[in-house]
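Numbers here are sequence positions counted from 1. Only this structure's heavy atoms are used, side chains among them; waters, hydrogens and symmetry mates stay out.
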Amino acid sequence: MKNTQAELIVAKEKAEEADLLKSRFLANISHELRTPLNGILGFSDIIQFSDVPEEKCRHYASLIKKSGEQLLLIIDDVLDISKIEADQLVIHNEAFNVNHMLDDLYSLFKVQFDMKEPPVNLALVKGLDDIDSFLYSDEHRIRQIFNNMVGNALKFTHEGTVEFGYSLNDEYMDFYVRDTGIGIPEEKFDCVFGRFRQVNDCSTRKYKGTGLGMSISKSLVELLGGEIRFKSEVDVGTTFYFSIPYVPVPV
């Protein structure tokens, strides 16, 4: 009887924590959605109802586009976490070139890194030659994992370098993203992959985000048959690793 009561208390506490986390998430996601929506509506009104020069109109249009892209990313995160929770997210494997994928990611992120003040260095390390870097897996989902990890590194790194790449380790491709950012306190390690949570939940929320990126990344890695882990030290930096089964494609 005592064991049953203890189990019921633990279950009740877990349920209450889950409800609290989801309530925080809903409040957070509402704020995150309003930010790009306000940008879209505000600049649309300026273009529609104000007599502004054509050059400024183009600038406002670019801001509307960026706000729309931000909104789309948030919606994609919410849809993905819903599919994961419902066990409905499907992996689509195909042959692709890992080096070419990483080159694309580098080009996309390099502009954002150069815009930081002060700029943060971005480095790419490839473990294989182009001709040997073909892989049979889900390129879209691996891109998504890197987008989450490199995006986080960009957000939390104010000086130094962010490096990403991979190496071949027996039957696995070991991917990584390493930064010289603010690091993660050890007491917050359990929050890193938690759904609806951020490491800085209890702080002033200087860093924006839905808190879903790393949880989604962990689920994607596991769906791809791999593992994810990290190491971090406050004021030194963080490295995330994820390993994907290496299924080579005959050339």
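Note that CG of L102 and CG of D104 are 9.0 Å apart. Values are rounded to the nearest 0.5 Å. Remark: E222 CD to S217 OG distance equals 11.0 Å, nearest 0.5 Å. Atom CG of residue D179 and atom CG of residue L154 lie 10.0 Å apart, to the nearest 0.5 angstrom. Separation of atoms CD1 (I81) and CG (D76) is listed at 13.0 Å; rounding is to 0.5 Å. Here CD1 of I64 is found 8.5 Å from OG of S62. Values are rounded to the nearest 0.5 Å. Atoms CZ and CD1, from R141 and I216 in turn, are 9.0 Å apart once rounded to the nearest 0.5 Å.
P53 has its side chain within reach of K56: a pair of non-hydrogen atoms, C-beta onward, lies under 4.5 Å apart. At a threshold of 4.5 Å between non-hydrogen side-chain atoms, the residues K231 and T238 do not count as touching. With contacts defined as side-chain heavy-atom distances shorter than 4.5 Å, the pair F113/T157 does not qualify. Taking 4.5 Å as the limit, some side-chain heavy atom of N147 sits within range of a side-chain heavy atom of L105. For the pair E227/Y172, no side-chain contact is recorded, criterion being any heavy-atom separation below 4.5 Å from C-beta on. For the pair R178/V162, no side-chain contact is recorded, criterion being any heavy-atom separation below 4.5 Å from C-beta on.
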Pair E163-N121, side chain to side chain donor-acceptor pair (under 3.5 Å): steps then yes or no
CA-CA 8 Å; E163 178 182 296; N121 296 321; over 6 Å; no
F230/F189 under ring pair (Phe, Tyr, Trp, His ring centres under 6.0 Å): CA gap, chis, key distance, verdict:
CA-CA 9 Å; F230 71 95; F189 280 8; 5.0 Å; yes
Check the pair L122 / Q112 against side chain to side chain contact (heavy atoms under 4.5 Å, CB included), numbers first and verdict last.
CA-CA 10 Å; L122 180 64; Q112 299 178 50; over 6 Å; no
Could you give me the CA-CA distance, side-chain angles and deciding distance for V120 and H158, then say whether side chain to side chain contact (heavy atoms under 4.5 Å, CB included) is met?
CA-CA 7 Å; V120 174; H158 305 305; 6.0 Å; no
Steps toward side chain to side chain contact (heavy atoms under 4.5 Å, CB included) verdict (H92, H140)
CA-CA 8 Å; H92 298 284; H140 170 67; over 6 Å; no
Side chain to side chain contact (heavy atoms under 4.5 Å, CB included) between L224 and I142: does it pass, once the steps are laid out?
CA-CA 9 Å; L224 291 167; I142 295 176; 3.9 Å; yes
If you apply the rule side chain to side chain donor-acceptor pair (under 3.5 Å), what do you find for N93 with D138, and how did you get there?
CA-CA 4 Å; N93 292 327; D138 191 326; over 6 Å; no
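Closest approach of M214 and F193 over heavy atoms only: O-CD2, 3.5 Å. Considering every non-hydrogen atom in both L135 and P245, the closest pair reads CD1-O, 3.8 Å. Counting all heavy atoms, side chain and backbone alike, S67 lies closest to G39 at OG-CA, 4.0 Å.
Salt-bridge formation is not detected for the pair D174/R229: no Lys NZ or Arg NE/NH1/NH2 atom is positioned less than 4.0 Å from an Asp or Glu carboxylate oxygen.
If you chain together hydrophobic residues whose side chains sit under 4.5 Å apart, V125 and Y246 never meet in one group. I145 and Y176 fall into different hydrophobic clusters, where Ile, Leu, Val, Met, Phe, Trp and Tyr residues are linked whenever their side-chain heavy atoms come under 4.5 Å apart, directly or through other members. The same ILVMFWY cluster, assembled from side-chain heavy atoms under 4.5 Å apart, contains both I40 and I47. In the hydrophobic clustering of this structure, I75 groups with L37; members are Ile, Leu, Val, Met, Phe, Trp, Tyr whose side-chain heavy atoms approach within less than 4.5 Å, directly or through other members. Linking ILVMFWY side-chain heavy atoms closer than 4.5 Å, directly or via other members, places Y241 and M149 in two distinct hydrophobic clusters.
Within 6.0 Å of atom NZ in K126, more than 12 heavy atoms from other residues, nucleotides or ligands are found, so the atom counts as buried in its surroundings. Within a 6.0 Å sphere centred on CD of E55, heavy atoms belonging to other residues, nucleotides or ligands number 12 at most. Atom CD of E94 is surrounded by more than 12 heavy atoms from other residues, nucleotides or ligands within 6.0 Å. Counted within 6.0 Å of NZ on K116, heavy atoms from surrounding residues, nucleotides or ligands total more than 12; the atom is thus considered enclosed. For E187, the CD atom is densely surrounded, since the number of other residues' heavy atoms within 6.0 Å is greater than 12.
With hydrogens and angles left out, the side-chain atoms of N97 and E139 include no donor and acceptor closer than 3.5 Å.
Here L41 sits alone; no ILVMFWY side chain lies under 4.5 Å from its own, so it joins no hydrophobic cluster.
A donor-acceptor pair is defined here as one N or O able to donate and one able to accept, closer than 3.5 Å; no such pair exists between the side chain of D132 and the backbone of L128. Between the T180 side chain and the T161 main chain, a donor and an acceptor come within less than 3.5 Å of each other.
Partner of V177 under the side-chain contact (heavy atoms from CB on, under 4.5 Å) criterion, chosen from T239, V150, N152: V150. With respect to F146, the ring-ring contact (aromatic ring centres under 6.0 Å, His included) criterion is satisfied by exactly one of F109, Y166, F242: F242.
You'll find the ring centres of Y136 and F96 outside the 6.0 Å limit.
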